[in-house]
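In this text, all values refer to a predicted model and were calculated from it rather than measured experimentally.
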Amino acid sequence: MLTGLGRFKEQFDQYLKQFAAKEKTDKGIEVSYNLELPSDANLLKTRLASGDAPDIFSFHAAFDGPTFEKGGYLPDLSNEPFASKLIDTIRNVVTINGKVIGVPMESFSWSYLYNKDIFDKYGLKAPTTLSEMKQVVETLKSNDVTPFMLAYKEESFPGWLTQLAFESVAAKQDPDWWERMNKGEASFKELKDKGMFDIIDLVNANGTKRPLEIGADDGLAKFANGEGAMLITGTWYADSILKANPNFKLGLGALPVNDDPDSTMVNLAVSTTLTVYPDSPNKAVATDFLNYILDDNDSSAFFDQLKFNKVAKNQNIETFPWTEQGNQYVESGHSYLDQSIPQSANEAIGKMSQSYFSGQITQDQLVDEIDKAWKKSIELQK
């Protein structure tokens, strides 16, 4: 078994031992295992390409799933017991070409985080439209509160803002944009014309002073200490924020991109999915382990230890308040599925967003550069 979840070695070791004992009791099979936890994200691709595939491996369903499925590295697990247990929205994320291709592990809904104490102090609620967000911004500014904590020293934070903006616009106003974009038939100019820069410009104009001098760790600490009411990022930083300020009350909101409340959505992502190599000599036992991940008796305790969100109907997991907020967006239809952005395009989004904020490039130049990077990726895949 090969997975990048090295921080959970102890928990996976214990769960694999439980599985081995269960497999011995239920089927009389002696199971031994080798758990590999590499930090090199490219090792899996190297091993798959060289024919040295592990029996079980983890991958990012949205980013790597389509490529792995096309390469024949993913099985059809649609008829396995675990598949019928999945929450429908989560099942959709791990379904490619109509096939369930793995067991989702790390899942989360993300858009922006907000300081509940600040919002409560001024009677604010998470806005559902762009106009409401503008009102929230004005209320905060009139009370000498910085609306947005900006940490733009690295490219990731400004890149996430641009990503959320264009994905939300595409999800509601141009749902076939992704498919057309990956065929080389679409452009970011279409999303620009539909207003993707409205929220970007609002955030950038109402944030921290000199954000290009503020790195991620410093920005998270400042946000935790009340130096900004909102932060465009995901709940994967919840632990860092709470370590900086254990009393911080964290909220999760959906970033509005226009005045249509239905366009105000969170990104629903599954960053880690476990699957079995289709040609594994131990495929039967490996598939048994995938089903054990969502075991009716043991799965809930395992996911609780990992601090992962609920992915299946049979799990009973105590969720964090921000996780529950994310679930409410998803259950009310205010979410879109995480999509695969080519690596070169993703890098361009971060770099160009940083340059756009600093005034070095225009909106047209930003979309042109991302278009070029995306098209280059398409050509390389052919």
Dump the intermediate steps for salt bridge (charged side-chain N to carboxylate O under 4.0 Å, His left out) on D298 and K22, then the final yes or no. CA-CA 11 Å; D298 297 340; K22 181 177 175 62; over 6 Å; no

Would you mind checking if K310 and E331 are paired as a salt bridge, meaning a charged N to carboxylate O distance below 4.0 Å?
-> no

CD1 of I87 to CD of Q315, rounded to nearest 0.5 Å, is 7.5 Å

Practice task
Find out whether L290 and L274 are in side-chain contact, i.e. whether some heavy atom of one side chain is under 4.5 Å from a heavy atom of the other.
Solution key: yes

Parallel, tilted or perpendicular: which one describes the rings of F302 and F12, with boundaries at 30° and 60°?
perpendicular

request  = Quick one: sort the F8 and F308 rings into parallel, tilted or perpendicular, breaks at 30° and 60°.
outcome  = perpendicular

Those residues at least two apart in sequence (or on a different chain) that pass salt bridge (charged side-chain N to carboxylate O under 4.0 Å, His left out) with E324 are none

Item to complete: Taking the side chain as every heavy atom from C-beta outward, state whether D295 and F19 have any atom pair closer than 4.5 Å.
Response: no

TODO: Could you tell me whether K189 and D368 have a side-chain N and a carboxylate O separated by less than 4.0 Å?
DONE: yes

Check your understanding: Are V285 and E23 close enough that some pair of their side-chain heavy atoms sits under 4.5 Å apart?
Key -> yes

Which label fits F57 and Y277: parallel for a plane angle under 30°, tilted from 30 to 60°, or perpendicular past 60°? tilted

Centres of the F108 and W322 rings: under 6.0 Å?
no

Residues at least two apart in sequence or cross-chain that pass ring-ring contact (aromatic ring centres under 6.0 Å, His included) with H60, listed by chain then number, are F63

